[in-house]
Engineer: 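What follows is a single structure, and I will ask about it in a moment.
Chain naming here is simple, since letters A, B, ... match the order of the sequence lines and numbering starts at 1 in each. These values consider heavy atoms only, across backbone and side chains, with no hydrogens, waters or symmetry-generated copies.
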2 protein chains.
Amino acid sequence: MKRTSLAGDSCPVARALDVFGDWWSLLIIRDASLGRRRFGEFQAGLGLAKNILATRLRTLVERGILKTVPASDGSAYQEYVLTPKGHGIFPILVALRQWTEEFDEHPDEIATIMVDRDKGRPVRKLALLSQDGRVLGAADTTLKPRPVKKTARRALV
Amino acid sequence: MKRTSLAGDSCPVARALDVFGDWWSLLIIRDASLGRRRFGEFQAGLGLAKNILATRLRTLVERGILKTVPASDGSAYQEYVLTPKGHGIFPILVALRQWTEEFDEHPDEIATIMVDRDKGRPVRKLALLSQDGRVLGAADTTLKPRPVKKTARRALV
DNA sequence: CAATGTGGTTGCATTATTAAACTTCATTGC
DNA sequence: GCAATGAAGTTTAATAATGCAACCACATTG
């Protein structure tokens, strides 16, 4: 069957999904961003099979989303923590959260809200802004071919 | 295999992934937001098997992300267009795109950039803001239990 | 040093994905 | 008006991923 890979796709959305777009990866990343670090913590929190968790952790490490570090409690085990590349996924988690908050049919089943740590007040909705600060909706945007970088152009000459 | 359903989960991230978190749905939604409407357009653009496309379109309609409308060209076929709930996914697509733009190992393979339609200039990065307008990173946020709505509280009394 | 806990791996049954062939209805060419 | 083509699916059979349970190696605890 060979599940079609999106790795070589030219669309940045597809490329992101190729890295962490499977059923469990984003949930693992979510838990990691909440401070979970140990294999057992992920397994208990997510309720997934251990073999699948092992596979996912391995590929997320391979892809530079997570890295393994010696356990913080001095034991000989290892822990999994987000790399900068992994921390960069945070806005995606926020966007997913906010979509559910706005459109879910049963918002009363949502357990938590995201708040500003300082003030304890709910965060604002993510907004897409133009360079001059206008709020943009989907209809206010277009896609253009990526301009070739100067260095790349010089290399071609 | 019995893919574990996340529908009843209390985490809003999991609930969103339960709706469109599979391998193809977000790509279909991406294409829909680019103006693709017909079965054949999706199939040609995504290169996925027709049976899977048919299944995905059906469940996305069931879940209120897409709706079917009579074809715009007067033919007897139908077209698939985003509902408001589906349009609400746009920020998630933007977040995925921007993550790839920032962290991908081969950014030269990315074909397009998102620009402001008016000015033709690249959009800004999505930013998470507090109520008083400060930019928040992951470390500046926490999760709190969802406060009970007034109406719900009154219903309990 | 035996017992338990952590962090996996292995094997098997079940379910999902895929490509290709087939079906149905609408549209076009003649 | 009728055959041929195309759009939009459905069906079928092979293959890959998932889930569950059992097993294993090593570390830690009593």
Engineer: For A:Glu105, I'd like to know if atom CD has over 12 heavy atoms of other residues, nucleotides or ligands within 6.0 Å.
Structural biologist: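 Atom CD in A:Glu105 is not packed in, count stays at 12 or less.
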Engineer: On DNA chain C, check which nucleotide each of B:Gly47 and A:Gln78 is closest to and give me the residue with the more 5' one.
Structural biologist: A:Gln78
Engineer: At under 4.0 Å between heavy atoms, what does B:Gln43 touch on the DNA or RNA strands: base, sugar-phosphate, or nothing?
Structural biologist: nothing
Engineer: Would you say A:Gln43's side chain and A:Leu53's backbone share a donor-acceptor pair under 3.5 angstrom?
Structural biologist: no
Engineer: Verify the contact: side-chain N or O of A:Arg58 to OP1 or OP2 of C:dG7, cut-off strictly under 4.0 Å; return yes or no.
Structural biologist: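 No, no such contact exists.
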Engineer: Only stems of 3 or more consecutive Watson-Crick or G-U pairs count here, both distances under 3.5 Å; name the ones for DNA chain C, or none.
Structural biologist: C:1-30 with D:1-30
Engineer: Are A:Asp22 and A:Arg56 ion-paired here, with the side-chain N under 4.0 Å from a carboxylate O?
Structural biologist: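 Salt bridge: yes.
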Engineer: In residues 21-42 of chain A, what residues come within less than 4.0 Å of DNA chain D, judged by heavy atoms?
Structural biologist: A:Trp24
Engineer: How many whole angstroms separate atom CG of A:Leu53 from atom P of D:dG19?
Structural biologist: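 Whole-Å distance recorded here is 11 Å.
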Engineer: Just N and O in the side chain of A:Arg56: are any of them under 4.0 Å from OP1 or OP2 of D:dT18?
Structural biologist: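 The answer is yes; a side-chain N or O of A:Arg56 sits under 4.0 Å from OP1 or OP2.
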Engineer: So does A:Thr112 get a backbone contact from the side chain of A:Arg97, meaning a donor-acceptor N/O pair under 3.5 Å?
Structural biologist: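 Flag set: sc A:Arg97 to bb A:Thr112 pair under 3.5 Å.
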Engineer: Looking at CZ of B:Arg36 and CD1 of B:Ile29, how far apart are the two atoms once the value is rounded to the nearest 0.5 Å?
Structural biologist: 14.5 Å
Engineer: Measuring to OP1 and OP2 of D:dA8, would you say a side-chain N or O of B:Tyr80 lies under 4.0 angstrom away?
Structural biologist: no
Engineer: Tell me if a side-chain donor or acceptor on A:Trp99 pairs with a main-chain N or O of B:Gly86 at a distance below 3.5 Å.
Structural biologist: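 Checked: no pair found.
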Engineer: Among B:Val19, B:Leu66, B:Leu82, which residue satisfies the side-chain contact (heavy atoms from CB on, under 4.5 Å) criterion with B:Leu60?
Structural biologist: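 Considering B:Val19, B:Leu66, B:Leu82, a side-chain contact (heavy atoms from CB on, under 4.5 Å) with B:Leu60 is found only for B:Leu66.
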Engineer: Rounded to whole Å, how long is the line connecting atom CG of A:Leu46 with atom P of D:dT18?
Structural biologist: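 Going from CG in A:Leu46 over to P in D:dT18 covers 14 Å.
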Engineer: What one-letter contact string describes nucleotides 20-30 of chain C from 5' to 3', where B marks a base within less than 4.0 Å of any protein heavy atom, S marks contact via sugar-phosphate atoms alone, and - marks no contact?
Structural biologist: ------SS---
Engineer: Measure CD1/A:Ile52 against P/D:dA16 and give the value in whole Å, please.
Structural biologist: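 Computing the A:Ile52:CD1 to D:dA16:P distance gives 17 Å.
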Engineer: CG of A:Leu57 versus P of C:dT6: gap in Å, rounded?
Structural biologist: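 Those two atoms, CG and P, are 16 Å apart.
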Engineer: Assess whether a salt bridge exists between B:Glu101 and A:Arg146, defined as any Lys/Arg side-chain N lying under 4.0 Å from an Asp/Glu carboxylate O.
Structural biologist: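 No, this pair does not count.
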Engineer: Quickly work out the B:Asp73 CG to D:dA7 P distance and round it to whole Å.
Structural biologist: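 Rounded to whole Å, this separation is 12 Å.
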Engineer: Do A:Glu41 and A:Arg37 sit within salt-bridge range, that is, some charged N less than 4.0 Å from a carboxylate O?
Structural biologist: no
Engineer: Any salt bridge between A:Arg134 and B:Asp116, counting N to O under 4.0 Å?
Structural biologist: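 Result for this pair is yes, salt bridge flagged.
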Engineer: Grab the two heavy atoms, one from A:Thr141 and one from A:Ala138, that are nearest each other, plus how far apart they are.
Structural biologist: OG1-O, 2.9 Å
